[in-house]
Amino acid sequence: MNSEKPNIRLIASGKDWIEGAAVDQLKRTAELPGMRLAVGFPDLHPGKGHPVGAAFVSSGTIYPYLIGNDIGCGMGFWQTDLLRRKAKLDRWAGRLSDLENPWEGDVGEWLQRAELPTTHSDHSLGTIGGGNHFAELQAVEKVEDETEFAKLNLSKEKLMLLVHSGSRGLGESILRAYVDQHRDAGVAVESTDAKDYLQKHDEAVRWAKANRSLIAHRFASVLNAACENVVDGSHNSITRHELAGETVWLHRKGAAPAETGPMIIPGSRGTVSYLVLPTGDLPAAAWSLAHGAGRKWTRSESKSRIRDRYRPDELSQTELGSRVICENRDLLYEEAPDAYKKIEVVIKTLVDEGLIRVIASLRPLITYKTRSSR
DNA sequence: ATGTCC
């Protein structure tokens, strides 16, 4: 197999705050058998054994545990037909609900349209989930590249919809079945277990995309709006690539795809997000980008630090004036903007490294997380 | 992250 030393690249500047523990995880993961390249992005932070905000390229072996349970998790971005000047934010915020609960429409038909089979997770299709997942109505804050903006048929007058969600219980069950057999170890790509995992993985990736699409549809229909998809990409997946004539396996753990055109890099819920155009040497950065601001504090740290600093009602209205619908108090603390690093710094590092050009920034108006208190 | 987990 591979006896060469793996390449490790940490894409960060002095202004990016990166924990030593995350860098240690990056290095240790890079030492796994068959690893060719490990890339850490400016949003790198510690995860469960392996870091988040990183991409790993292997040959001969795949490591499903690196991807985690939320296979296919990612960002979808839609343009609605709602006009910014006609926004009724208070009324809309009052009306939005239920996106964490099962959809009452025809899931079977929606699955069929995405050419997906029925599974035990049908009832979760179209639901946001917990943690850092959200659906957010946005306005265009600033267009930096008019040409690319126009190429995507985007209008500054229209409101946008950004959805962060994944494969819910489906990905979880796929990882669990793998881990029961192999724990955190990899498997040879030619093995039956690898083929079986990859087939289910690919389905979970498509399911997660259909999930984001249904969430956008549900959100828009509450506002009597239509929406059109602009961008969709997963930051948790394994994909096959060619590197110097060899087949390699790219593991993304919180790393956005760079090889499929424009991508969204979200901020935290109180900040702008960015629509960017990848411009770099793709293989050298493992065909990937940062996937967001990256956590600064763990969930439990955030809870204790932020609880003393803010009242819940101060967190449901952000510095940019946007509304955050999150009636679960713990989650509101865990996901407060202060718990995350500064997205501007992450974006600047990617720009300075020649990896992206900013097309536009997007201002949050209403962020929906959950109406339920637990 | 997860119809989570005591």
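Within every chain, numbering begins at 1; the chains are lettered A, B, ... in the order of the sequence lines, protein sequences first and strands thereafter.
Summarising the geometry, the separation between CZ on A:R176 and C1' on B:dT2 is reported as 8 Å, rounded to the nearest angstrom. The CD1-P distance, from A:I71 to B:dT2, rounds to 12 Å in whole Å.
Applying the ring-ring contact (aromatic ring centres under 6.0 Å, His included) test to every pair with at least one member in residues 7-64 of chain A, sequence neighbours left out, gives these pairs: A:H50-A:Y65.
If you check every strand for non-hydrogen atoms under 4.0 Å, A:G171 touches nothing. At a threshold of 4.0 angstrom between heavy atoms, the contacts of A:G166 with the nucleic acid are absent.
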Name every donor-acceptor pair, under 3.5 Å, that has one atom in a side chain of residues 178-187 of chain A and the other anywhere in the protein, sequence neighbours excluded.
{"residue": "A:Y178", "atom": "OH", "partner": "A:A185", "partner atom": "O", "Å": "2.7"}
{"residue": "A:H182", "atom": "NE2", "partner": "A:D193", "partner atom": "OD2", "Å": "2.7"}

I'd like a table of donor-acceptor pairs (distance under 3.5 Å, sequence neighbours excluded) in which one partner is a side-chain atom from residues 152-160 of chain A, with atom names and distances.
{"residue": "A:S155", "atom": "OG", "partner": "A:E157", "partner atom": "N", "Å": "3.1"}
{"residue": "A:K156", "atom": "NZ", "partner": "A:E146", "partner atom": "OE2", "Å": "3.1"}

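Residues passing the side-chain contact (heavy atoms from CB on, under 4.5 Å) test with A:T298, sequence neighbours excluded: A:S300, A:E301. By the side-chain hydrogen bond (donor to acceptor under 3.5 Å, both in side chains) test, A:S237 pairs with no residue at all, sequence neighbours left out.
Counted by atom type alone, A:T370 and A:E100 present one or more donor-acceptor pairs between their side chains at under 3.5 Å.
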Polar-atom pairs under 3.5 Å, protein N or O versus N or O of nucleotides 3-6 of chain B: list them with distances, or write none.
{"residue": "B:dG3", "atom": "OP2", "partner": "A:R168", "partner atom": "NH1", "Å": "3.1"}
{"residue": "B:dG3", "atom": "OP2", "partner": "A:G169", "partner atom": "N", "Å": "3.0"}
{"residue": "B:dG3", "atom": "O6", "partner": "A:H123", "partner atom": "NE2", "Å": "3.1"}
{"residue": "B:dG3", "atom": "N1", "partner": "A:H123", "partner atom": "NE2", "Å": "3.4"}

